[in-house]
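Below, all heavy atoms of this structure are taken into account, side chains as well, without hydrogens, waters or symmetry copies. Labels below follow one simple rule: chain letters A, B, ... track the order of the sequence lines, proteins then strands, and each chain is numbered from 1.
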Amino acid sequence: MSDNILVAVAWPYANSRIHVGNITGSYLPADIFTRYHRLLGDQVIMVSGSDAHGTPVTVRADAEGSTPVQVYEKFHNGFIELFQKLGLAYDLFTSTHTKNHFEVSQAIFLALQKNGYLYTEKQKQWYAPAQRRFLPDRYVEGTCYFCGYTEARGDQCDNCGNLLDATQLIDPRSKTDGSTPELRETEHFYVDLGALEPSIVDFLRQRESYWRSNVLRQSLGQIMSKGLHGRAITRDLDWGIPVPVEGWDGKCLYVWFEAVIGYVSAAIEWAKLGGQPEAWEKWWTNPDAKGYYFIGKDNIPFHAVIWPAQLIGVGEWFGKIYSNEDGVKLTLPYDVPANEFMNLEGQKISGSRNWAVWGLDFLSRYDPDPLRYYLTVNMPESKDTDWDWDDFVRRNNDVLVATWGNLVNRVLSFAYKHWDGCVPEPGELRPDDKVILESVAAGFESVGEHIDAVRLRPALNEAVRLASEVNKYLDTSAPWFEIKSDKEHAAKTIFTALQAIDWLKVQLSPFLPFTSERLNLYLGYKQPLFGEQYVETVEDSLGKHTVLRYNSADASGKWEPGCLPAGGSMEKPAPLFRKLEPIVAQEERAKLG
RNA sequence: GGCGGGGUAGCUCAGGUGGAAGAGCAGGGGACUCAUAAGCCCUUGGUCGUGGGUUCAAGUCCCACCCCCGCCA
């Protein structure tokens, strides 16, 4: 029995690079979860993409003298490079700037409208004649009408902390060119979240027993105390998805509204690229499919409340509009295992202050698995955590190198040297051998249970603990002593240790895919554990976009205690991990700020 | 102001449904040598933020308060 599992991963905004906090917050846990379910044999797809639209991209383009497309493509390509190097094996990592996403988003908009959940409202907003565009509140500056501070932003005054009504700013000016804006009337669509509130409360209550309490209680608490209210879903902007209504030229869907729709559109694009255009329905119109949304806590309201509201609001109309199907509804999220934040050396991560460890920069000096290890074992699953360079070096050396890497190296080297590069024939195993093998085999249950419940830190610690058990077993059996007097006993010990390592390799592989693949080769296997990531260019009427994909054709890994072939030939082993000098922590800290 | 998260050994943190305080690292001692001087064994160390309450029994439930951090207005 295999499940259909949709792994929906946060969409990085195409306006800044990705740092370790972003990675541990959503991208990495999603990949670990996905790899585990692939090994189990479940039908799982992991999708996401770059969030390409919105004002910050246009503002940056203006500042750099380039175009929004150029800005978004630059960051998008950087994301793909990082994800490939870090082994984040998306079935599809695409973008919101695709024809497909435009169509799906517009269909969602129209379905909400058909169901009566949209309404329009007129409001005044600052307009910059010189730039011929409306200014978002954040891009208007002026004098605060509370405290007289002259550098207040339209949305909030940094001096007195009050939230402001941008239209009341004194002496307003455009943040980008200093020109004086004027108030103009504009009309926008709103989604009637108030009308959807009872359905959302039901939705949350049905998931009360298994959702993380931070996600559930924050969402429910906010609704109970404040209620839900209409929210604007369109803006005066030309970089984005046009509002699919006659006479609404020059207005776009708000990014918060359309980016989440990417979870549907990316699955559709994935199905099309795979040559089975209907395949997405197994995850999206199948009520038994389970959607897991991996996001950071900043995104909780959008995924736990607003996105479900959108899905409930479209009802059966999406099917009718998009694919001419009747009686079909989109499947609501099963779980939203949002993480808290990771800080850096005791301070909040900040790109503008260069207080960050950037993903690509890190990988230019270190390997991906140590990063994956440290970020998992320090994952902010229940509260904020801290990236500490000393701690990174220590854990790399004490756990990856000393406990696990050394276990592999000492056993494989010993076997390779004394049995001519082959797995020794053990004959009948002794009681002690069976005991340690049973313990390690039980890891498929215990580690798996943790991953299934998205408790990744305890899952990884459990696997490492089992590696430590094997070290103890080795010390007790002492094959280096046995081999002097009785090579048959040493063969039993080394075979047992190799078999245990073979299983631990699988249990650790969702966390440490690169070194697990290498170990897999050393043990003599020809087929890789996982499939391959590859990059492809897709063309549509909007232009070309690059996507990251995953080909599982050669994957052979299975989440079960398989049989290591006795007598099989091995590859000459080499250490899996590099030991780091403590000085690198100081060097890395010196680069911050 | 409202909603939420956190305060457990020197450090980083575990402690689903209440039942004799845990791990790793750091510190101290020991045996071994296959291994990236790694691994293994033993060991020092805590009034679980504060004050009440429920209970035969509370880090774990309830109330109040004090700090730190987010989100929302």
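In this structure, A/Arg589 is not positioned above the aromatic face of A/Trp389 in the sense of NZ or CZ being under 6.0 Å from the six-membered ring centre and within 45° of the axis. By the 6.0 Å and 45° rule, A/Lys572 does not stack over the aromatic ring of A/Tyr522.
In a base pair of the Watson-Crick type (N1 to N3 plus N6-O4 or O6-N4) or a G-U wobble (N1-O2 and O6-N3), with each distance short of 3.5 Å, B/C40 is matched with B/G30. Pair check for B/G4 finds B/C69; Watson-Crick or G-U wobble, both atom distances under 3.5 Å. In this structure B/G24 sits in a base pair with B/C11, meeting the Watson-Crick or G-U test at under 3.5 Å. Pair assignment for B/U17: none, as no Watson-Crick or G-U wobble contacts are both less than 3.5 Å. Look at B/G45: it lacks any Watson-Crick or wobble partner with both distances under 3.5 angstrom.
Here the separation of B/U43 from B/G24, taken at their P atoms, is 12 Å to the nearest Å. B/A64 and B/A21 are spaced 28 Å apart, taking the P atom of each and rounding to whole Å. Nucleotides B/U17 and B/U60, compared at atom P, are 11 Å apart to the nearest Å. Only the C1' atoms considered, B/U50 is 24 Å distant from B/C3, to the nearest whole Å. Atom name C1', nucleotides B/G15 and B/U54: the rounded distance is 22 Å, in whole Å. Between B/C25 and B/C62, the distance separating the two C1' atoms is 37 Å to the nearest Å. Comparing B/C48 with B/C69, their P atoms sit 24 Å apart, to the nearest whole Å. Atom P of B/G19 sits at a distance of 27 Å from the matching atom of B/U12, rounded to the whole Å.
A side-chain donor from one of A/Asn471 and A/Arg410 sits under 3.5 Å from a side-chain acceptor of the other.
Comparing A/Phe577 and A/Gly221, the nucleotide of RNA chain B nearest to each residue sits closer to the 5' end for A/Gly221. Along RNA chain B, the nucleotide closest to A/Arg395 and the one closest to A/Thr403 are compared, and the more 5′ of them pairs with A/Arg395.
For the pair A/Phe341 CZ and B/G5 C1', the computed distance is 12 Å after rounding to whole Å. Taking atom CG of A/Asp391 as the reference point, atom P of B/C13 lies 8 Å away to the nearest angstrom. In this structure, A/Gln218 places its CD atom 9 Å from P of B/C71, rounding to the nearest Å. In this structure, A/Leu498 atom CG and B/C34 atom C1' are separated by 12 Å, rounded to whole Å. When the C1' atom of B/U12 is taken as reference, atom CG of A/Asp388 falls 8 Å away, rounded to whole Å. Between A/Asn343 atom CG and B/G6 atom P the separation is 15 Å, expressed in whole Å. As rounded to whole Å, 21 Å separates atom P of B/G5 from atom CE of A/Met379. Whole-Å rounding puts the A/Glu340 CD to B/G4 C1' distance at 9 Å.
Between A/Asp391 and A/Arg394 there is a salt bridge, with a side-chain nitrogen of the basic residue lying less than 4.0 Å from a carboxylate oxygen of the acidic one. Between A/Glu469 and A/Arg465, at least one side-chain N (NZ, or NE/NH1/NH2) sits under 4.0 Å from a carboxylate O, which counts as a salt bridge.
A/Leu460 contributes atom CG, which lies 7.5 Å from atom CD1 of A/Ile32 (distance to the nearest 0.5 angstrom).
The side chain of A/Gln222 has B/G2 as its nearest neighbour among B/G2, B/G5, B/C25. Picking from B/C13, B/G39, B/G5 the nucleotide with the shortest atom distance to the side chain of A/Asp475 gives B/G39. Listed nucleotides: B/C34, B/A38, B/G4. Nearest to the side chain of A/Phe414: B/C34. The side chain of A/Thr385 lies closest to B/C13, out of B/C13, B/G39, B/G70. Among B/C41, B/U12, B/G5, the nucleotide with an atom closest to any side-chain atom of A/Lys472 is B/C41. Closest contact between the side chain of A/Val401 and the listed nucleotides B/A35, B/C25, B/U36 involves B/U36.
Listed pair A/Lys417 / B/A35 meets the phosphate criterion, a side-chain N or O lying under 4.0 Å from OP1 or OP2. When the side-chain nitrogen and oxygen atoms of A/Ser219 are compared with OP1 and OP2 of B/C71, none of them lie within a distance under 4.0 Å. Taking 4.0 angstrom as the limit, A/Lys297 places none of its side-chain polar atoms (N or O) nearer than this to OP1 or OP2 of B/C71. Taking only side-chain nitrogens and oxygens, A/Arg457 never comes nearer than 4.0 Å to OP1 or OP2 of B/C13.
A donor and an acceptor atom never sit less than 3.5 Å apart when one is taken from the side chain of A/Asn406 and the other from the base of B/G39. No hydrogens or angles were tested; on distance alone, nothing pairs the side chain of A/Asn409 with the base of B/A35 as donor and acceptor under 3.5 Å.
When heavy atoms are screened at a 4.0 angstrom cut-off, A/Pro575 is found touching base atoms of the nucleic acid. Nucleic acid contact class of A/Leu400 (heavy atoms, under 4.0 Å, all strands): none.
Stacking of A/Trp480 onto the six-membered ring of B/C34 is present: less than 5.5 angstrom between centres, less than 30° between planes.
Side-chain contact check for A/Trp404 versus A/Val408: some heavy-atom pair is nearer than 4.5 Å. Contact annotation: the side chain of A/Lys290 never approaches that of A/Asp335 to less than 4.5 Å [non-hydrogen atoms, C-beta and beyond].
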